[in-house]
S.K.: 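Quick one: the structure is below, questions incoming.
Convention: sequence-line order gives letters A, B, ...; per-chain numbering from 1.
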There are 2 protein chains.
Amino acid sequence: MTSTDRQPLRPTRQRIAVTEALASFDDFRSAQEIHDLLDRRGAKVGLATVYRTLQRLSESHEVDMLRTEDGEAVYRRCSDTHHHHLVCRECGATVEIEGPAVERWTNAMAAEHGFADVSHTLEIFGTCPRH
Amino acid sequence: MTSTDRQPLRPTRQRIAVTEALASFDDFRSAQEIHDLLDRRGAKVGLATVYRTLQRLSESHEVDMLRTEDGEAVYRRCSDTHHHHLVCRECGATVEIEGPAVERWTNAMAAEHGFADVSHTLEIFGTCPRH
DNA sequence: AGCAACATGAGAATGATTGTCAACTCGGCA
DNA sequence: TGCCGAGTTGACAATCATTCTCATGTTGCT
């Protein structure tokens, strides 16, 4: 197992603020957007801290992180089970989806070619009913 | 259909060089790496041109483009059918894989939630047998 | 209280990618 | 063959997200 684990995060004012911000929206947002949100709320949190916090949270799977088509990292709070996303290209609306069959398939493919330590990324993009 | 199409590319010396470079390796490489490769070969092609060419080629699906975990775009020549990749985290070795079942599944999921214009990304990472 | 490890913020630094724009090339066509 | 407009190119500046630095706060514990 590749050691992804670290010490538990200290519940500092800043980290709490970031977590609360994450709880206030449902779509994927960039670190900068979250930083702006905090600013507007009056929470003084440095941009670097927002980046660091989101990074740690995504490493521990407390938030989902994915990359937009132009490579920007965006974050969103998430449930604790492994899942994927159906994301609206227009408004960012997101639906978490699970697919045991897909998980099985990726593992089978990897096994078939002798790959170990397998992980995968799967995101579905489209335009939601409202668009 | 979102107009992804453009005029056919003119077969300039530079574009030919990039295409040839792409034919010379099997793994995913960044625009900068490809530029270096061209340099070493003595082909004088500007970095911006390499970026522009790769972009056009990937838009027309003549090359695959995916993002590494840190968001960098990497390219690789590809077959003309829709497919995904099994990529070695260590050496970049890549296996193209197809999964009709997955395609069906993503479409079904999108349909179920009323999403239109669906596309998806799916990449599998692991360490290949040689590592 | 007192210490060591962990966190933070401001700003500089990095690095990939894109924009700018004058010079150049290509593919017709008169 | 010579000319023209659209498409291309290259050198370099400009963006922009993200990371690094490091001096200064905080936290958890004893």
Side-chain angles (χ1 to χ4, degrees), chain A residues 3-22 27-60 62-76 92, chain B residues 3-22 27-60 62-76 92:
Chain A
S3 72
T4 294
D5 309 321
R6 299 194 194 179
Q7 303 303 309
L9 296 186
R10 287 185 185 169
T12 64
R13 173 179 65 74
Q14 292 83 339
R15 303 223 245 238
I16 291 170
V18 170
T19 301
E20 288 179 350
L22 282 165
D27 46 352
F28 279 94
R29 308 229 179 148
S30 69
Q32 314 240 18
E33 287 171 331
I34 293 170
H35 177 250
D36 287 349
L37 181 59
L38 288 168
D39 246 14
R40 265 179 267 118
R41 288 190 174 190
K44 295 287 175 49
V45 183
L47 179 57
T49 299
V50 173
Y51 270 103
R52 283 185 291 235
T53 303
L54 289 171
Q55 219 162 245
R56 302 289 287 279
L57 289 175
S58 77
E59 277 171 14
S60 60
E62 289 172 67
V63 305
D64 290 326
M65 184 266 262
L66 63 81
R67 301 220 169 245
T68 61
E69 299 198 355
D70 50 323
E72 193 184 10
V74 286
Y75 306 82
R76 173 182 189 277
Chain B
S3 72
T4 293
D5 308 322
R6 300 193 193 180
Q7 304 301 311
L9 296 186
R10 286 187 187 168
T12 64
R13 173 179 66 74
Q14 291 85 339
R15 301 221 246 242
I16 292 171
V18 170
T19 302
E20 287 179 351
L22 283 164
D27 45 352
F28 280 93
R29 308 230 178 148
S30 70
Q32 314 239 20
E33 288 171 330
I34 293 171
H35 178 248
D36 288 348
L37 182 58
L38 288 169
D39 246 13
R40 265 179 266 117
R41 288 189 173 192
K44 295 288 176 44
V45 183
L47 179 57
T49 299
V50 173
Y51 271 103
R52 284 184 291 234
T53 302
L54 289 171
Q55 219 162 247
R56 302 288 287 277
L57 289 175
S58 78
E59 278 171 13
S60 59
E62 289 172 67
V63 305
D64 290 325
M65 183 265 260
L66 63 82
R67 302 219 169 245
T68 60
E69 299 199 355
D70 50 324
E72 193 183 10
V74 286
Y75 306 83
R76 175 182 189 275

S.K.: Kindly say whether, by distance alone, the side chain of B/Arg52 makes a donor-acceptor pair under 3.5 Å with the base of D/dG7?
M.R.: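 Result: no qualifying N/O pair found.
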S.K.: Atom NE2 of B/His35 to atom C1' of D/dT9: distance rounded to whole Å?
M.R.: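 So the NE2-C1' distance, B/His35 to D/dT9, works out to 12 Å.
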S.K.: Which listed nucleotide (C/dT8, C/dT17, D/dT18) is nearest to the side chain of A/Glu72?
M.R.: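 So the side chain of A/Glu72 is nearest to D/dT18.
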S.K.: Rounded to the Å, how far apart are B/Arg15 CZ and C/dT25 P?
M.R.: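 Computing the B/Arg15:CZ to C/dT25:P distance gives 15 Å.
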S.K.: Heavy-atom nearest nucleotide on DNA chain C for A/Lys44 versus B/Val74: which residue maps closer to 5'?
M.R.: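 Nearer the 5' end of the strand: A/Lys44.
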S.K.: With respect to the side chain of A/Ala48, which nucleotide from C/dA10, C/dT8, D/dG5 is positioned closest?
M.R.: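 Between C/dA10, C/dT8, D/dG5, the one nearest the side chain of A/Ala48 would be C/dA10.
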S.K.: Do B/Thr53 and B/Gln14 have side-chain heavy atoms sitting under 4.5 Å apart?
M.R.: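 Heavy-atom side-chain distance check fails, nothing below 4.5 Å.
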S.K.: For A/Thr12 and B/Tyr75, take the nucleotide of DNA chain C holding the closest heavy atom to each; which residue's nucleotide lies nearer the 5' end?
M.R.: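 That would be A/Thr12.
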S.K.: Roughly, in whole Å, what's the span from CE in A/Met65 to P in D/dA17?
M.R.: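 About 15 Å, once rounded to whole Å.
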S.K.: Could you work out which one of D/dT18, C/dT17, C/dA7 sits closest to the side chain of A/Leu9?
M.R.: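 Output: C/dA7.
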S.K.: Just by distance, no angles: are the side chains of B/Glu62 and B/Ser60 close enough, under 3.5 Å, to form a donor-acceptor pair?
M.R.: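 Indeed, the side chains of B/Glu62 and B/Ser60 share at least one donor-acceptor pair under 3.5 Å.
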S.K.: Is any side-chain nitrogen or oxygen of A/Gln14 closer than 4.0 Å to OP1 or OP2 of C/dG9?
M.R.: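 Yes, because at least one side-chain N or O of A/Gln14 sits under 4.0 Å from OP1 or OP2 of C/dG9.
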S.K.: Once hydrogens and angles are ignored, does a donor-acceptor distance under 3.5 Å link the base of D/dG25 to the side chain of A/Arg13?
M.R.: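 It does not, because no donor-acceptor pair links the side chain of A/Arg13 to the base of D/dG25 below 3.5 Å.
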S.K.: Under the side-chain contact (heavy atoms from CB on, under 4.5 Å) test against A/Val50, which residue among A/Leu37, A/Asp39, A/Leu38, A/Asp36 passes?
M.R.: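 Of the listed options, the one satisfying the test is A/Leu38.
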S.K.: Just N and O in the side chain of A/Arg10: are any of them under 4.0 Å from OP1 or OP2 of D/dT26?
M.R.: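 Result: no.
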S.K.: Take the protein atom CG of A/Asp39 and the nucleotide atom P of C/dG9, then report the distance between them rounded to whole Å.
M.R.: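 Answer to the nearest Å: 11 Å.
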S.K.: A/Glu69 has an atom CD; how far is it from atom P of C/dA16, in whole Å?
M.R.: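 One finds 22 Å between P of C/dA16 and CD of A/Glu69, rounded.
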S.K.: What is the distance, rounded to the nearest whole Å, between atom CG of A/Leu38 and atom P of C/dG9?
M.R.: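 Rounding to the nearest Å, CG of A/Leu38 and P of C/dG9 are 10 Å apart.
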S.K.: Would you say A/Arg15's side chain and A/Arg10's backbone share a donor-acceptor pair under 3.5 angstrom?
M.R.: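 Yes, the answer is positive, given that a donor and an acceptor are paired below the 3.5 Å cut-off.
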S.K.: Is the backbone of A/Val45 close enough, under 3.5 Å, to the side chain of A/Arg13 for a donor and an acceptor to pair up by distance?
M.R.: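 Not confirmed, A/Arg13 side chain does not pair with A/Val45 backbone.
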S.K.: Side-chain N or O of B/Gln55 versus OP1/OP2 of C/dT17: is the shortest distance under 4.0 Å?
M.R.: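 No.
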S.K.: Between B/Tyr51 and C/dT17, does any side-chain N or O lie under 4.0 Å from OP1 or OP2?
M.R.: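 So the side-chain polar atoms of B/Tyr51 do come within 4.0 Å of the phosphate oxygens OP1 or OP2 of C/dT17, strictly under.
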S.K.: Whole angstrom is fine here: how far is it from CG in A/Leu47 over to P in C/dA12?
M.R.: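 In whole Å, C/dA12 P and A/Leu47 CG are 14 Å from each other.
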S.K.: Take the protein atom CZ of B/Arg67 and the nucleotide atom P of C/dG15, then report the distance between them rounded to whole Å.
M.R.: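 So the CZ-P distance, B/Arg67 to C/dG15, works out to 18 Å.
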